[in-house]
Q: 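Supplied in structure tokens, the structure appears directly below.
Please read all numbers here as calculations on a predicted model, not as lab measurements.
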Amino acid sequence: MIHSMHVTRLLFLWGAALLLTSSSLLASDLKPDEQIIYFPTSASRDEAGTWRVPVHGWIFEAEHDSLWRQGTVTMLKQSLGLSPGGALSQHLQERGWPFLVDNERGKTISIRIQGNALLLPPSGANGHPHHEVILETDFQAEEIDKRWLHFDTVMPEGDSRQFRGAVQLLDRRGLSVVSDIDDTIKLSNVLDKEELLANTFLRDFQATPGMGERYRQWEAEGAAFHYVTGSPWQLYPALSEFLVTGSFPRGSFAMRNFRLKDASFIDFLSSAEEFKVATLSVLLQRFPERRFILVGDSGEKDPEVYGTVAR
């Protein structure tokens, strides 16, 4: 239940935060060839009713047909062990393009939330603005959709594109399901390198039998969901679509930063334990009064990770 409060206030935890009224909206620093994706997050609430709302986005330019992109395609194919002369499959094109974009550093984005516009701090080197908003408000029923609050990007004049984000509103008490993705709800075969790469980039995603039904049952009983995976953020578009087609519940996402030049993709996927322990520890600290069900598989050492977090 979302309780009523009399005061509406938005603050940004970033030095001298800038709060704009609807009469003086500041447009985002977003060019026509640049885009932004917002990743779903979960907002927590303290005893006074104040919401802490994480906002996490990714600003990039597709860089179609550039020499850099062509070179990166070659690197990607080498990382996947594909023949340099082979044709890219449709799945590889769809799932590979986020690895080939030009991340936009130093971009400032303005979002409209609860009738106000808030200027975010500049994006980092990876193009990700990732900040926390303090929000005290009386949420109206028409502003939320099954416990989800949406916000929009304030676009430059003449730019009619829409980029929308969503945050999951969680009460201090309740049940949360933390779920891995690969070999937990999606068949990936992490222990077989060739099969893992094929299942990630070249084939239709296949849901693990029975998991969608189980998760929907938990959702019907009031559970919220948090997807924590060792996969890189570049796979978020494909994985979020998989949740929809597989009829899995909506949830927040926690994924890892990755650059092709830093490591091979397969080595990256096989070393997620430290990331998961750190991510889950923060999640438990943010929601100390909620109960958690941790769901994973043995291929990525989830039992060991979950045991460490539980202890």
Side-chain angles (χ1 to χ4, degrees), residues 2 10-14 17 28 35-46 49-60 98 107 109-114 116-121 123-124 126-137 139 143-154 163-172 174-181 219 223-237 239-244 248-257 275-276 278-290 292 294:
I2 301 175
L10 292 91
L11 291 178
F12 215 103
L13 300 183
W14 175 57
S28 299
Q35 305 176 42
I36 182 168
I37 291 176
Y38 293 105
F39 306 115
T41 63
S42 294
S44 58
R45 186 172 59 173
D46 62 22
T50 300
W51 290 94
R52 305 178 72 90
V53 182
V55 177
H56 184 190
W58 177 25
I59 307 168
F60 58 89
K107 288 286 181 175
I109 298 296
S110 179
I111 62 171
R112 184 183 293 106
I113 183 171
Q114 294 292 290
N116 295 272
L118 182 66
L119 187 66
L120 308 186
S123 57
N126 62 356
H128 286 218
H130 192 177
H131 306 283
E132 187 173 65
V133 175
I134 300 299
L135 179 61
E136 295 178 1
T137 184
F139 291 114
E143 296 175 326
I144 61 173
D145 175 23
K146 296 182 178 179
R147 198 164 51 195
W148 286 83
L149 177 69
H150 296 88
F151 58 88
D152 296 288
T153 305
V154 180
F163 298 103
R164 169 164 277 205
V167 58
Q168 183 174 215
L169 302 174
L170 298 186
D171 284 323
R172 294 170 56 229
L175 177 64
S176 282
V177 175
V178 173
S179 176
D180 177 48
I181 292 181
E219 181 185 36
F225 286 79
H226 312 268
Y227 296 99
V228 179
T229 172
S231 294
W233 285 111
Q234 287 91 334
L235 287 175
Y236 169 76
L239 291 177
S240 62
E241 182 180 352
F242 164 73
L243 292 188
V244 174
F248 286 95
R250 297 173 68 181
S252 64
F253 264 76
M255 306 179 73
R256 290 200 289 169
N257 294 318
F275 160 77
K276 288 186 177 180
T279 299
L280 293 178
S281 297
V282 171
L283 184 64
L284 295 178
Q285 291 170 5
R286 291 188 62 231
F287 300 98
E289 297 182 66
R290 293 185 69 85
F292 286 85
L294 310 180

Q: Could you check if a side-chain atom of L169 sits within less than 4.5 angstrom of a side-chain atom of W51, using non-hydrogen atoms only?
A: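 They are in side-chain contact.
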
Q: Taking all non-hydrogen atoms of both residues, which atom of A166 and which atom of R250 are closest, and how far apart?
A: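 Reported closest heavy-atom pair: CB-NH2, 3.6 Å.
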
Q: Under 4.5 Å between any side-chain heavy atoms of I181 and F253, yes or no?
A: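 In short, these two side chains touch, coming nearer than 4.5 Å.
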
Q: Does any part of the side chain of L284, heavy atoms only, come nearer than 4.5 Å to the side chain of F292, both counted from C-beta?
A: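 The answer is yes, as the side chains (C-beta and beyond) meet within the 4.5 Å cut-off.
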
Q: To the nearest 0.5 Å, what is the distance between CZ (R290) and CG (L283)?
A: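 That separation rounds to 9.0 Å.
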
Q: For the pair H128 and W233, name the ring-plane relationship: parallel under 30°, tilted 30 to 60°, perpendicular over 60°.
A: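 Rings of H128 and W233: perpendicular, as their planes differ by over 60°.
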
Q: On a heavy-atom basis, which atom in Q168 and which in S42 lie closest, and how many Å separate them?
A: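 Closest heavy-atom pair between Q168 and S42: NE2-OG, 2.9 Å.
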
Q: Quick one: CD on E136 to CZ on R45, what's the gap to the nearest 0.5 Å?
A: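 Reported to 0.5 Å precision, the distance equals 11.5 Å.
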
Q: Does any part of the side chain of S176, heavy atoms only, come nearer than 4.5 Å to the side chain of L170, both counted from C-beta?
A: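 They are in contact (side-chain heavy atoms under 4.5 Å apart), so the answer is yes.
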
Q: Under 3.5 Å, is there a donor-acceptor pair between the H226 and S252 side chains?
A: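 Note: H226 and S252 side chains meet the donor-acceptor criterion.
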
Q: Kindly indicate, with the supporting measurements, whether the criterion side-chain contact (heavy atoms from CB on, under 4.5 Å) is fulfilled by D180 and V228.
A: CA-CA 5 Å; D180 177 48; V228 179; over 6 Å; no

Q: Output yes when a side-chain donor or acceptor of T153 lies under 3.5 Å from a complementary backbone atom of F163, and no otherwise.
A: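 Yes: the side chain of T153 pairs with the backbone of F163.
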
Q: Using side-chain contact (heavy atoms from CB on, under 4.5 Å), reason through V154 and I111 one step at a time and then give a plain yes or no.
A: CA-CA 5 Å; V154 180; I111 62 171; 5.9 Å; no

Q: Side-chain contact test, heavy atoms from C-beta onward, threshold under 4.5 Å: evaluate it for K107 versus S123 and give yes or no.
A: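 They are in contact (side-chain heavy atoms under 4.5 Å apart), so the answer is yes.
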
Q: Where does the angle between the aromatic ring planes of Y236 and F39 fall among parallel (under 30°), tilted (30 to 60°) and perpendicular (over 60°)?
A: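 Geometry flag for F39 against Y236: perpendicular rings.
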
Q: Before you tell me yes or no, could you show the steps for T229 and F275 under side-chain contact (heavy atoms from CB on, under 4.5 Å), namely the whole-Å CA-CA distance, both residues' side-chain angles and the distance that decides it to 0.1 Å?
A: CA-CA 9 Å; T229 172; F275 160 77; over 6 Å; no

Q: Is there a side-chain contact between L149 and V53 in this structure, where contact means two heavy atoms from C-beta onward sitting under 4.5 Å apart?
A: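 Side chain of L149 against side chain of V53, heavy atoms only: no contact under 4.5 Å found.
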
Q: What verdict does the ring pair (Phe, Tyr, Trp, His ring centres under 6.0 Å) test give for Y227 and F248, after you've listed the backbone C-alpha separation in whole Å, the side-chain angles of each residue and the deciding distance to 0.1 Å?
A: CA-CA 11 Å; Y227 296 99; F248 286 95; 7.3 Å; no

Q: I need the L294 CG to K276 NZ distance, nearest 0.5 Å.
A: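 Rounded to the nearest 0.5 Å, the CG-NZ separation comes to 11.0 Å.
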
Q: Compare every heavy atom of A223 with every heavy atom of V177, then report the nearest pair and how far apart it is.
A: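 Between these two residues, the closest heavy atoms are CG2-CB, 4.0 Å.
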
Q: Is any NZ, NE, NH1 or NH2 atom of the basic residue among R147 and D171 found under 4.0 Å from an Asp or Glu carboxylate oxygen of the other?
A: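 D171 and R147: not salt-bridged.
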
Q: If you take all heavy atoms of A117 and S110, which pair is closest and at what distance?
A: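 What the structure gives for the nearest pair is CB-OG, 3.7 Å.
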
Q: Relative to the ring of F151, is the ring of Y38 parallel (under 30°), tilted (30 to 60°) or perpendicular (over 60°)?
A: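 Ring orientation, 0 to 90° scale: perpendicular.
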
Q: Between L118 and V55, is a side-chain contact (heavy atoms from CB on, under 4.5 Å) present by the stated rule, with each step listed?
A: CA-CA 11 Å; L118 182 66; V55 177; over 6 Å; no

Q: Nearest heavy-atom pair of F287 and A43: which atoms, and what distance?
A: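 F287 and A43 have their closest heavy atoms at CE2-O, 3.8 Å.
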
Q: Rounded to the nearest 0.5 Å, how far does CD1 of I109 lie from CD1 of I59?
A: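 Interatomic distance, I59 CD1 to I109 CD1, rounded to 0.5 Å: 4.0 Å.
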
Q: Quick check for you: to the nearest 0.5 Å, what is the distance between L120 atom CG and H130 atom NE2?
A: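 Here the interatomic distance stands at 11.0 Å.
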
Q: How many angstroms lie between CG in L175 and CD in E219, if you round to the nearest 0.5 Å?
A: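 Here the interatomic distance stands at 12.0 Å.
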
Q: Mind checking salt bridge (charged side-chain N to carboxylate O under 4.0 Å, His left out) for R164 and listing every partner two or more places apart, or none if nothing turns up?
A: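 If we apply the salt bridge (charged side-chain N to carboxylate O under 4.0 Å, His left out) test to R164, skipping adjacent residues, the hits are D152.
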
Q: Between S44 and R52, does any side-chain donor sit less than 3.5 Å from a side-chain acceptor?
A: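 Note: S44 and R52 side chains miss the donor-acceptor criterion.
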
Q: Return the orientation label for the W58 and F60 ring planes: parallel under 30°, perpendicular over 60°, tilted otherwise.
A: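 Tilted: the ring planes of W58 and F60 meet at 30° to 60°.
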
Q: Should V133 and I113 count as side-chain neighbours, where that means a heavy-atom distance under 4.5 Å?
A: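 Heavy-atom side-chain distance check fails, nothing below 4.5 Å.
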
Q: Looking only at heavy atoms, which two atoms of P98 and P237 are closest? And how far apart?
A: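 Result for this residue pair: CG-CG, 4.4 Å.
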
